Amino acid sequence: MNTLKIIKIRVCTTDAKDIKTITFTHPGSVQPGQFYMIWIPGVDEIPMSISTINEETKGITFRKVGEATTALATLKPGDLIGVRGPYGRGFTLSGKHVLFVGGGTGIAMLAPAVEQAKKQGIDATVVIGVKNKTELFFDKRIKDTGANVFISTDDGSFGQKGLATDIAMDLLKKNTYSSVLTCGPEPMMKKLLDLCKNIPFQASLERYMKCSIGICGQCCIGRGLRVCKEGPVFDGKTLQNIEDFGNYRRDASGKKIQF
Amino acid sequence: MYHHQVRFIITNSFSSPHQPSPAMAVHPPHPSSTKQQPFFHNETQPKENIFITTHPISFFGVPLVNLNTRISNLELSNPTMLASGIMDEDAGSIQRIIDLGAGAIVTKSIGLIPREGYPNPTIVELEYGLLNAMGLPNPGIDHYGKELQQITKSKTPIIGSIYGSNASEFVTLGKKMEEYGVKAIELNLSCPHAKGYGLEIGSDPNLMQEIIKGVKNSVSIPVFVKLSPNVTSITDLAQAAEKAGADAIVAINTVKAMKIDPEIRMPVLANKTGGYSGKAIKPIGVRCVYDIAKNVQIPIIGVGGITTASDTLEYIMAGACAVQIGTAFYSEGLEVFRTICTDLESWMKHHHVKTLTDLIGVAHQ
């Protein structure tokens with residue numbers, strides 16, 4: 001049982017335009033890819049993937065997009081938030097050389113996975129795709145691990161102009177990878193899965209979550225797979241059999257909506 | 001001893017009405033298995049003390065104990081039903097619970113139009129149970145119908161739970177549920193946290209009777225009524241439901257409750273109050289079922305904190321013919337339906353009970 005803990009924020013940093021990281025004390029082991037439920041009292045409680053993992057402290061990184069993240073962005077060190085978790089299944093890191101592909105804020109949860117991979121002696125190549133230069137974050141942090149880093153921007157304001165999947169396609173043609181790990185917009189991950197037919201693949205999914213403990217069914221995909229429990233990281237074989245992957249998500253009422 | 005254990009596993013594997021739990025293979029026969037065990041036990045006692053296998057459960061494929069039960073005209077292969085609101089938002093998750101061995105499925109409570117439910121936090125994990133105020137989120141009957149039609153041909157009966165603010169809404173929903181192929185309807189007259197719905201209308205016996213009569217006159221499938229313990233007399237409501245023509249009573253819904261966080265100095269749930277479920281409310285549910293059973297003739301489905309076979313037996317002995325499981329799906333995991341059934345079979349064998357339904361209401365004797 002991961003009961004709710006009320007925790008003081010230690011550090012708040014701005015990583016890029018509208019992108020912030022909040023760090024707090026939360027001892028215990030966490031797998032890269034797992035998530036917390038973060039309660040902003042009086043506002044909302046939202047799932048947040050864990051972006052920094054130290055023994056005593058953990059961090060979450062988010063883009064100011066809705067009411068909850070906007071409220072979260074105004075918080076200062078010393079303010080209280082509720083934290084429950086970690087929940088879900090994270091990435092399995094193995095093999096000789098892993099290709100990581102992160103799109104947008106997806107890079108936040110890939111960063112600790114790259115760090116963990118390097119610690120385990122796994123070679124890492126990382127593709128980061130963002131819309132433009134102002135949205136780029138964690139590129140230096142990831143480079144500092146010794147990983148090969150490729151960056152794409154939609155408008156060409158930094159790195160290669162185009163999509164992360166363009167770079168990934170090129171890399172997959174030229175090199176051999178033991179597996180491909182990804183987090184980002186689902187249509188991007190779906191495209192990547194199509195490119196990785198014979199390579200072990202893991203993708204981290206995002207769904208509207210309510211309970212996060214596997215009981216309410218809100219985040220279910222396919223044959224009752226709970227993104228909060230069996231996910232958020234799923235392997236390619238599982239995802240190939242899920243019609244919704246890359247196509248549909250469900251809103252708060254449970255109604256299907258196209259991506 | 002070794003003999004008995006092996007025989008149990010082999011015979012059970014091709015004869016049980018549901019798939020046996022592989023966990024059974026690791027239940028060691030207890031040395032005191034020949035002694036009559038006390039029925040009541042606490043969590044610190046190993047369950048092997050009570051659920052021991054000393055005899056085969058089937059003989060040449062014919063089950064020697066029978067978990068079948070019946071609610072109105074519904075035949076269930078075992079008494080464990082999925083409670084409303086648990087993992088039942090779409091066809092895929094319903095199919096998964098069927099595959100996990102549930103005897104019947106109750107859908108999420110469905111209304112006329114899509115409803116988002118309350119903002120988060122909608123759930124709080126507490127020491128002895130869960131507190132929730134989901135706020136009846138659902139995609140609305142028309143969208144949900146598309147999910148249902150993929151699944152209602154299943155052998156496992158699917159029961160459509162519906163909520164509305166008046167009799168005519170319930171009637172419309174009931175008719176649509178029947179069209180989509182559900183085998184029975186459960187009227188949610190007991191949700192403790194949805195304004196204008198559930199308990200707010202279910203605690204008025206006249207309005208409740210009007211709703212039951214309306215739905216009964218409009219559908220040909222059985223109509224169950226789910227009641228709340230948050231009333232002066234659940235028995236009075238059960239009697240009123242029976243008089244109005246209900247085919248079964250479902251008791252109990254969650255207990256209205258609150259959690260305040262001392263550091264934040266405010267209730268944790270966005271809705272402030274919610275419904276408490278899980279182990280802590282089991283004695284409340286058992287008492288309600290017992291009292292209702294004394295006063296009505298129609299079948300009762302017991303719900304509230306059922307986690308083990310022993311809990312199931314308590315409800316059945318109080319007068320329930322089946323049980324619904326919700327919070328235990330979280331606390332015990334995916335195998336809860338199979339574990340309860342396997343342990344029920346073991347208990348029945350040990351106590352020489354061949355038919356589960358023989359135990360209904362025995363606590364009243």
Side-chain angles (χ1 to χ4, degrees), chain A residues 1-8 37-48 66-68 71 79-85 87 207-230 241-244 248-257, chain B residues 83 85-100 107-108 110-111 113-127 130 132 134-140 142-144 146-147 259 261-270 277 326-331 333-334:
Chain A
M1 192 165 67
N2 296 297
T3 43
L4 176 73
K5 289 184 185 74
I6 303 299
I7 294 172
K8 260 187 199 165
M37 288 300 280
I38 302 290
W39 179 36
I40 312 119
V43 183
D44 203 349
E45 187 193 44
I46 50 173
M48 286 261 134
E67 194 193 2
D79 287 343
L80 297 175
I81 52 169
V83 178
R84 55 186 182 104
Y87 292 121
R207 284 292 182 279
Y208 196 107
M209 275 184 199
K210 286 182 176 169
C211 77
S212 79
I213 53 172
I215 197 165
C216 78
Q218 169 71 40
C219 66
C220 283
I221 54 165
R223 206 171 165 107
L225 291 174
R226 301 164 293 180
V227 172
C228 71
K229 198 89 181 167
E230 282 83 25
N241 295 318
I242 295 174
E243 209 184 306
D244 289 357
Y248 293 98
R249 60 188 181 87
R250 284 189 284 131
D251 68 8
S253 77
K255 208 166 63 184
K256 275 190 177 181
I257 303 173
Chain B
I86 311 295
M87 280 285 287
D88 46 10
E89 194 159 277
D90 66 317
S93 46
I94 290 177
Q95 185 60 56
R96 186 173 188 191
I97 308 292
I98 291 173
D99 297 344
L100 288 168
T107 70
K108 206 166 264 284
I110 305 296
I113 54 168
R115 183 179 154 102
E116 291 195 350
Y118 297 131
N120 282 348
T122 46
I123 205 145
V124 193
E125 291 171 83
L126 297 173
E127 205 174 346
L130 290 177
N132 92 85
M134 303 306 296
L136 296 174
N138 77 97
D142 296 328
H143 285 281
Y144 199 69
K146 289 176 201 152
E147 299 288 333
K259 161 73 184 170
D261 187 277
E263 298 300 319
I264 303 292
R265 305 181 181 198
M266 64 188 281
V268 177
L269 290 173
S277 62
T327 304
F329 188 75
Y330 144 83
S331 62
L334 299 174

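All values derive from a computational prediction rather than experimental measurement. Every chain is numbered from 1, with letters handed out A, B, ... down the list of sequences.
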I need the full list of salt bridge (Lys or Arg N to Asp or Glu O under 4.0 Å) pairs touching residues 113-124 of chain B, with sequence neighbours left out, sorted by first then second residue. none
Check: [Y] and [X] side chains under 4.5 Å, non-hydrogen atoms:
{"X": "A:Lys8", "Y": "B:Glu263", "answer": "no"}
{"X": "A:Leu4", "Y": "B:Lys259", "answer": "no"}
{"X": "A:Arg84", "Y": "B:Ile123", "answer": "yes"}
{"X": "B:Leu130", "Y": "A:Ile213", "answer": "yes"}
{"X": "A:Arg250", "Y": "B:Glu89", "answer": "yes"}

Approximate separation, where rounding is to 0.5 Å, of [X] [atom1] and [Y] [atom2]:
{"X": "B:Ile97", "Y": "A:Arg223", "atom1": "CD1", "atom2": "CZ", "result": "11.5 Å"}
{"X": "B:Ile264", "Y": "A:Ile40", "atom1": "CD1", "atom2": "CD1", "result": "11.0 Å"}
{"X": "B:Arg265", "Y": "A:Leu80", "atom1": "CZ", "atom2": "CG", "result": "10.0 Å"}
{"X": "A:Ile215", "Y": "B:Thr327", "atom1": "CD1", "atom2": "OG1", "result": "5.0 Å"}

Nearest heavy atoms of [X] and [Y], plus distance in Å:
{"X": "A:Gly224", "Y": "B:Met87", "answer": "O-CE, 3.6 Å"}
{"X": "B:Pro114", "Y": "A:Ser253", "answer": "CB-OG, 3.8 Å"}
{"X": "B:Asp90", "Y": "A:Gly222", "answer": "OD2-O, 4.1 Å"}

Whatever's closer than 4.5 Å to a heavy atom in chain B on A:Lys256 counts as side chain
Please classify the contact between A:Met209 and chain B as side chain, backbone, both or neither, with a heavy-atom cut-off of under 4.5 Å. backbone
Engaged part of [X] at the chain A interface, taking heavy atoms whose separation is under 4.5 Å:
{"X": "B:Leu136", "value": "neither"}
{"X": "B:Pro262", "value": "neither"}
{"X": "B:Val268", "value": "both"}

Per-residue tally against chain A (heavy atom, under 4.5 Å) across B:Ser331, B:Gly85, B:Pro121, B:Ser93 peaks at B:Pro121
With respect to chain A, which residue among B:Gly135, B:Pro139, B:Gly326, B:Pro267 yields the maximal number of heavy-atom pairs within a distance under 4.5 Å? B:Pro139
With chain B, which of A:Gln218, A:Lys229, A:Met37 has the greatest number of heavy-atom pairs at distances under 4.5 Å? A:Gln218
Should B:Arg96 and A:Glu230 count as an ion pair when the cut-off is N to O under 4.0 Å? yes
Listed by chain and number, what are the ring pair (Phe, Tyr, Trp, His ring centres under 6.0 Å) partners of A:Tyr208, not counting sequence neighbours? none
Tell me if a side-chain donor or acceptor on B:Lys108 pairs with a main-chain N or O of A:Cys216 at a distance below 3.5 Å. yes
When you measure from the side chain of B:Asn132 to the backbone N and O of A:Cys211, does any donor-acceptor pair fall under 3.5 Å? no
